[in-house]
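Notes to accompany the following structure.
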There are 2 protein chains.
Amino acid sequence: MAAKRSGAQGKRPRRITEGLQPVHEPRSEPPLSRERIVATAVELLDAQGVDGLTMRRLADRLGSGVMSLYWHVDNKEDVFDLALDSVLEYRGPPQIAQDWRGEVVHMLEDWRASMLRHPWSASLLPRRALGPNILSRLELLSKTLSRAGVAEADVNVAIWSLWNYVMGATITRASFDLSDDDRAAGHQRLTRLSERYPTIERSRLLLDNDWDGAFRKGLGFLLDGLSPR
Amino acid sequence: MAAKRSGAQGKRPRRITEGLQPVHEPRSEPPLSRERIVATAVELLDAQGVDGLTMRRLADRLGSGVMSLYWHVDNKEDVFDLALDSVLEYRGPPQIAQDWRGEVVHMLEDWRASMLRHPWSASLLPRRALGPNILSRLELLSKTLSRAGVAEADVNVAIWSLWNYVMGATITRASFDLSDDDRAAGHQRLTRLSERYPTIERSRLLLDNDWDGAFRKGLGFLLDGLSPR
DNA sequence: ACTGAGGCTCGTACACGGTACGAGTCGGCA
DNA sequence: TGCCGACTCGTACCGTGTACGAGCCTCAGT
């Protein structure tokens, strides 16, 4: 009973025949591999959204049979997990020496930006297991806040607060600009109901488009609250 | 070409035959209606989660044919929207006269509690249109913050910050206690990788179970930052 | 040179899912 | 009586994830 894969063994130990390509077969595709599958899944997700990712479509794009994927990957959930983590790497702060606030803000804005570049990732993240790239970011956050002098007992709360803020902001943002139809419909419903919700209508709460500015400003407020007194 | 429904006309103008039940038919179910469908959908979602809601299952539970649902409801998305909003009603602060912070905290904790009572709602909310009950909550928030003296230019940012915080916290919480399996697996992976993430390991970031306390405390920090100086 | 064992690919099949279509029922009114 | 509109539902279609097992192709051991 062939071993079947057991979690992470789609690795590529074969392909000893390095330099010589198979003569027949019109070039076509390089061999299947976990990495290639994940990369293609990200492409597909970017292009078609969460519902656009289908094992069949994925296989098509890879030029392989559907069931071949399952040799390298446990199931569709696995594909999501891998795609997600692959998109959340952090390369660290830009140059040398910033104050702790600058460092935190940079990492969180980068986090948000990464997720918005792949809008499907935002809504996926909170449901899935924490991959290594996410843990690294949390680790960094933890270290920075401790160094900044946040009380030992408050660090965890601070981390989760920042996490919550970033997740909420990004998920909301990502799902809002998906469809202009929804936006138009919402707009219409809004003006129709403006007498029911006068305050949010007057302040144009739902029409403000400066998401980036609002994110930065709100993050500022939160950090004000978190700063050691 | 029978009118078909057009969005909100599954209302019940028939049933003129009030007091007299149909003689044959062994009692069985009351007639189908939008309200009954939504209520049953919520039951199903509570019991089986987002993936557990199936038009077929829903119809089974209602004792009707699958396609009958589509007379009262546009499609499955519609069911989600209706179920979601039906679960988010706010009944207002407990008694009389609180300070603005107390009012805000009460409303947001109630919001969170409502969503945690129906864990599927948290992950659905940010993707779906804003229903009337949600808008009411935002309206209340807006009024309260203005009354509290938050600068005109900051009110919207404050609202979104609170929204983000609540959404992030609730979604995270709701998806975390779904499966003990995941939790166990994560725990194991964590201790295995503890040398890679020493700080979050030492602070037991991922093992702390006091979600409610953390929510309240973090909300306090955020409100500190938002308070008019 | 032959054989057998994996590593890997893939076609077929199944059990579901949402929903289009159109036929059927019933009650009230002309 | 005939019709019409509100409502119900069976059937059918197509698209989904994935179990199963048959088929490679390469290499190790003989």
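Throughout, a chain's letter reflects where its sequence line sits, starting with A, and its residues are numbered from 1.
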* To do: Would you mind building the protein contact string for nucleotides 10-19 of chain C? One character per nucleotide, 5' to 3', B for base within reach (heavy atoms under 4.0 Å), S for sugar-phosphate only, - for untouched.
  => BBB----BBB
* Taking atom types as modelled and ignoring hydrogens, do the side chains of A:Trp160 and B:Asp208 form a donor-acceptor contact shorter than 3.5 angstrom? -> no
* For B:Glu43, enumerate each residue passing the side chain to side chain donor-acceptor pair (under 3.5 Å) test, keeping only those at least two apart in sequence or located in another chain. => B:Arg61
* **Interatomic distance where CH2 belongs to B:Trp71 and P belongs to C:dG22 [whole Å]** => 16 Å
* Check the pair A:Arg173, A:Phe215 against side-chain contact (heavy atoms from CB on, under 4.5 Å), reporting the backbone distance first and the verdict last. => CA-CA 10 Å; A:Arg173 168 67 213 262; A:Phe215 177 81; over 6 Å; no
* Take B:Arg112 and B:Asp212, measure what salt bridge (charged side-chain N to carboxylate O under 4.0 Å, His left out) needs, and give me the verdict at the end. => CA-CA 10 Å; B:Arg112 187 177 96 107; B:Asp212 296 359; 2.4 Å; yes
* Structure fact -> To the nearest angstrom, the CG-P distance between A:Asp60 and C:dT9 comes to 16 Å
* Structure fact -> From CG of A:Leu58 across to P of D:dG15 the rounded distance in Å is 18 Å
* Test A:Trp111 against every option in A:Asn133, A:Thr170, A:Leu125, A:Leu162 by the side-chain contact (heavy atoms from CB on, under 4.5 Å) rule and name the one that passes. => A:Leu125
* To do: Mind running side-chain contact (heavy atoms from CB on, under 4.5 Å) on B:Met115 and B:Leu88 for me, showing each step along the way?
  => CA-CA 7 Å; B:Met115 297 177 85; B:Leu88 292 178; 3.8 Å; yes
* Asked: Within the pair A:His72 and C:dT9, is there a side-chain N or O less than 4.0 Å away from OP1 or OP2?
  -> yes
